Amino acid sequence: MKVFQTICRQLKSSKGFSVEPAPCVVFSTSSYLCGRKKKVNPYEEVDQEKYSDLVRSVLSFRGHAQAPQSLFEEDDLLYGPVRKCKAPKQEAAGVPRNWCPLFNPEKSGKPSATSDPTIPLKIPLQRNMIPSVTRILQQTMTSEQISCLERWKRRMILELGEDGFAEYTSNMFLQGKRFHEALESILSPQRNLKEPDENLLKSGYIQSIQHVLRDVSGVQALESAVKHETLKYVGLLDCVADYQGKLCVIDWKTSEKRKPFIQNTFDNPLQVVAYVGAVNHDINYSFQVQCGLIVVAYKDGSPAHPHFMDAELCSQYWAKWLLRLEEYTKKEKNQNIQKLV
């Protein structure tokens, strides 16, 4: 710039020549320099000294990205450590709330020596407000069981008619009753029982169970009532006796169809195990039972299917029975509430 001014002075002093310095012009693409008033930055008016710590912390925070771990540490610093909420206690699936053991530790596993083996127990069933095993099972059938029963009933009615189906069910009930009477006369050691019908003893059902009867001995109860003192239900069991040397609750069933597997007997295992538990908690029975036996006899005389239930299998069905009993109790409670409303 000084050189330029010197040259200008020299030229000016020379004759016939005059040079005037041009004004300095600056070109800019900024809109703020093209006729508009420059805006004032509001942050420039902030008291830097007063808020210097805040500005420094904000700038330092923006300087790096936070990882999840650093976020957790910051939350701990601000709000304290996380207190883990305890998950609500949930009952295991398939486990009843009011559990009662199948076996009674206060009872012996064998009949007492003072009991008379020649006189099996035959306690009459008292009709009262306590539900029976049969009623509990009927009131808690699954929808699938109900559907199968309804289909069978409709099919039989179509085949036999309304009157024919009523006669069929009546005959089946009478046949089962006579079958149990014949078994009672066969298994009882007493001699004062009424002589059974010879034709009944020669029936197909009795012929069907002959191979099972050879393994039955030491009869302790016949057509005898039981009551579970804790769970409050009653029942009428068929027989308590030794089967192949093991004391069992024996349930005799009749069927026109083959039932080679215990799964084919539907709710019969629950009925047997309910009687087992009741015997073990009934003060009228001095002994304890750990096994069950379902014998399915056939009308045509073909060999019956005995389904033995050991202590482990009885325990499995006992848990299922308790669930059915709990379901029945809930239904009865709801029905009573609705009656009150």
Side-chain angles (χ1 to χ4, degrees), residues 91-98 130-177 179-180 205 208 231 233-238 249 251-278 292-300 302 304-309 313-339 341:
E91 296 178 2
V95 178
R97 294 181 180 179
N98 298 325
I130 299 178
S132 66
V133 173
T134 304
R135 175 177 173 79
I136 293 169
L137 292 176
Q138 288 177 347
Q139 295 296 320
T140 57
M141 287 193 300
T142 63
S143 57
E144 183 180 358
Q145 289 175 320
I146 296 173
S147 178
C148 290
L149 185 61
E150 289 296 326
R151 286 199 302 269
W152 172 81
K153 184 178 179 180
R154 287 196 299 268
R155 186 171 64 251
M156 294 297 292
I157 291 175
L158 288 174
E159 183 179 343
L160 303 175
E162 290 283 353
D163 295 338
F165 178 71
E167 183 180 358
Y168 170 80
T169 54
S170 178
N171 289 337
M172 289 294 293
F173 174 78
L174 182 60
Q175 201 170 52
K177 182 179 179 181
F179 172 64
H180 282 82
Y205 292 121
S208 177
L231 298 177
Y233 66 83
V234 297
L236 187 68
L237 56 81
D238 291 345
V249 168
D251 200 29
W252 308 96
K253 298 295 183 183
T254 59
S255 177
E256 297 180 356
K257 294 183 178 181
R258 295 292 180 270
K259 295 182 179 180
F261 305 105
I262 194 171
Q263 292 83 357
N264 303 134
T265 61
F266 303 105
D267 283 342
N268 292 154
L270 298 180
Q271 183 179 14
V272 169
V273 80
Y275 293 155
V276 171
L293 179 68
I294 302 171
V295 182
V296 184
Y298 301 114
K299 186 176 182 179
D300 61 0
S302 57
H305 283 114
H307 301 293
F308 177 73
M309 301 169 61
L313 186 58
C314 283
S315 297
Q316 295 176 12
Y317 278 106
W318 177 249
K320 297 178 181 180
W321 162 249
L322 291 181
L323 289 172
R324 295 284 288 270
L325 181 60
E326 184 178 344
E327 181 183 351
Y328 172 82
T329 304
K330 289 180 179 178
K331 284 187 175 181
E332 288 295 308
K333 185 177 180 180
N334 292 335
Q335 290 178 0
N336 292 335
I337 293 174
Q338 290 177 359
K339 289 180 181 178
V341 173

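Positions are given from 1, in the same order as the sequence printed here. These figures come from a predicted structure and were not determined experimentally.
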Do Leu236 and Thr134 come close enough that some side-chain heavy atom pair is under 4.5 Å?
no

Tell me whether Asp163 at atom CG has more than 12 heavy atoms from other residues, nucleotides or ligands lying less than 6.0 Å away.
no

I'd like to check Arg154 versus Arg151 (side-chain heavy atoms, cut-off strictly below 4.5 Å). Are they in contact?
yes

Please evaluate residues Thr254 and Gln175 with respect to the criterion side chain to side chain contact (heavy atoms under 4.5 Å, CB included), reporting the C-alpha separation (whole Å), side-chain torsions for both, the decisive distance (0.1 Å), and the verdict.
CA-CA 9 Å; Thr254 59; Gln175 201 170 52; 5.8 Å; no

Are Arg135 and Tyr328 linked by a side-chain donor-acceptor pair shorter than 3.5 Å?
yes

Could you walk me through whether Glu326 and Leu322 satisfy the side chain to side chain contact (heavy atoms under 4.5 Å, CB included) test, starting with their C-alpha distance in whole Å, then the side-chain angles of each, then the deciding distance to 0.1 Å, before giving a yes or no?
CA-CA 6 Å; Glu326 184 178 344; Leu322 291 181; over 6 Å; no

So which atom in Leu160 and which in Phe165 form the shortest heavy-atom distance, rounded to 0.1 Å?
CB-N, 3.8 Å

Strictly distance-based, threshold 3.5 Å: is any side-chain N or O of Ser208 a donor or acceptor partner for the main-chain N or O of Tyr298?
yes

Shortest non-hydrogen pair, Leu293 vs Val272, comes out as N-CG1, 4.3 Å

What's the spacing between Leu270 CG and Ile136 CD1 if we round to 0.5 Å?
11.0 Å

Can you find a pair of side-chain heavy atoms, one from Val276 and one from Trp318, that are under 4.5 Å apart?
no

Could you check whether atom NZ of Lys299 has more than 12 heavy atoms from other residues, nucleotides or ligands sitting under 6.0 Å from it?
no

If you draw a 6.0 Å radius around CD in Gln316, do more than 12 non-hydrogen atoms from other residues or ligands fall strictly inside?
yes

Straight-line distance of Asp300 CG to Arg258 CZ, nearest 0.5 Å
4.5 Å

Any idea which heavy atoms bring Tyr233 and Ile130 closest together, and the distance?
CA-CG2, 3.4 Å

Separation of Ser255 OG from Met172 CE (nearest 0.5 Å):
7.5 Å

For Ala304 versus Ala297, what's the shortest heavy-atom pair and its separation?
CB-CA, 3.9 Å

Do Lys253 and Asp238 sit within salt-bridge range, that is, some charged N less than 4.0 Å from a carboxylate O?
no

Residue pair Phe308 / Leu313, side-chain heavy-atom distance below 4.5 Å:
no

Could you walk me through whether Phe261 and His305 pass ring-ring contact (aromatic ring centres under 6.0 Å, His included), step by step?
CA-CA 8 Å; Phe261 305 105; His305 283 114; 8.1 Å; no

For Tyr317, is the NZ or CZ atom of Lys320 found under 6.0 angstrom from the centre of its six-membered ring and inside 45 degrees of the ring axis?
yes

For the atom pair OG (Ser132) and CD (Gln271), what is the distance rounded to the nearest 0.5 Å?
9.5 Å

For the residue pair Trp152 and Tyr168, does the interplanar ring angle fall in the parallel (under 30°), tilted (30 to 60°) or perpendicular (over 60°) class?
tilted

For Tyr275 and Gly235, which heavy atoms make the closest approach, and how far apart are they?
CE2-CA, 3.7 Å

Residues Thr265 and Ile294: closest non-hydrogen pair is OG1-CD1, 4.2 Å

To the closest 0.5 Å, what do you measure between CG (Leu174) and OG1 (Thr169)?
11.5 Å

Side chain Arg324, main chain Thr140, donor-acceptor under 3.5 Å:
yes

Any donor and acceptor pair, going by atom type alone, linking the side chain of His307 with main-chain N or O of Lys259 inside 3.5 Å?
yes

Looking only at atom types and distance, does a side-chain atom of Lys331 sit under 3.5 Å from a main-chain N or O of Gln139, one as donor and one as acceptor?
yes

Rounded to the nearest 0.5 Å, how far apart are CE of Met141 and CG of Leu149?
5.5 Å

